[in-house]
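The next block holds one structure in the form of structure tokens; read it before the comments.
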Amino acid sequence: MPEFEYKLVMFGFSALCEDLEEVKRRLSLYPKERAEFENGEECFLIDLKTREQIPIVLENGAFKVGK
């Protein structure tokens with residue numbers, strides 16, 4: 001069974017991710033226009049080891065992990 005490092009929350013839906021590469025792949029699937037119609041505050045990443053909440057930001061037309 002895979003070990004999950006992150007929980008990605010986007011627009012009220014969540015997904016467990018094994019690593020940052022998986023997070024980036026998932027983020028690439030969301031169209032930037034979605035941010036215009038939904039609440040961007042509902043987009044964040046949780047590090048499951050440290051419980052740190054990291055914002056997801058729209059930068060240059062793509063969703064990225066912010067710091």
Original post:
Step by step, would you call Arg26 with Cys17 a side chain to side chain contact (heavy atoms under 4.5 Å, CB included)?
Top reply: CA-CA 9 Å; Arg26 288 178 178 272; Cys17 300; 3.6 Å; yes

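For the atom pair NZ (Lys32) and CD (Glu59), the distance works out to 13.5 Å, reported to the nearest 0.5 Å. Rounded to the nearest 0.5 angstrom, Cys43 SG and Lys64 NZ are separated by 15.0 Å. Residue Leu58 holds its CG atom at 5.0 Å from CZ of Phe63, rounded to the nearest 0.5 Å. Expressed to the nearest 0.5 Å, how far CG of Leu29 lies from NZ of Lys24 amounts to 14.5 Å.
Contact of the Glu5 side chain with the Lys49 side chain is registered, since non-hydrogen atoms from C-beta on lie closer than 4.5 Å. Side-chain atoms of Leu45 and Val23, non-hydrogen and from C-beta on, do get closer than 4.5 Å to each other. Side chains of Leu27 and Met10 form a contact here, defined as non-hydrogen atoms less than 4.5 Å apart.
Each of Val65, Ile46, Leu48, Leu20 was compared with Tyr6 under the side chain to side chain contact (heavy atoms under 4.5 Å, CB included) criterion, and only Leu20 meets it.
Residues Phe11 and Val57 do not share a hydrophobic cluster, defined by chaining ILVMFWY side chains whose heavy atoms lie under 4.5 Å apart. Transitive grouping of hydrophobic side chains (ILVMFWY, heavy atoms separated by less than 4.5 Å) brings Ile54 and Leu8 into a common cluster.
Taking the charged nitrogens against the carboxylate oxygens, Arg25 and Glu21 have no contact shorter than 4.0 Å, which rules out a salt bridge.
In terms of heavy-atom proximity, Glu22 sits nearest to Glu18 at OE1-N, 2.8 Å.
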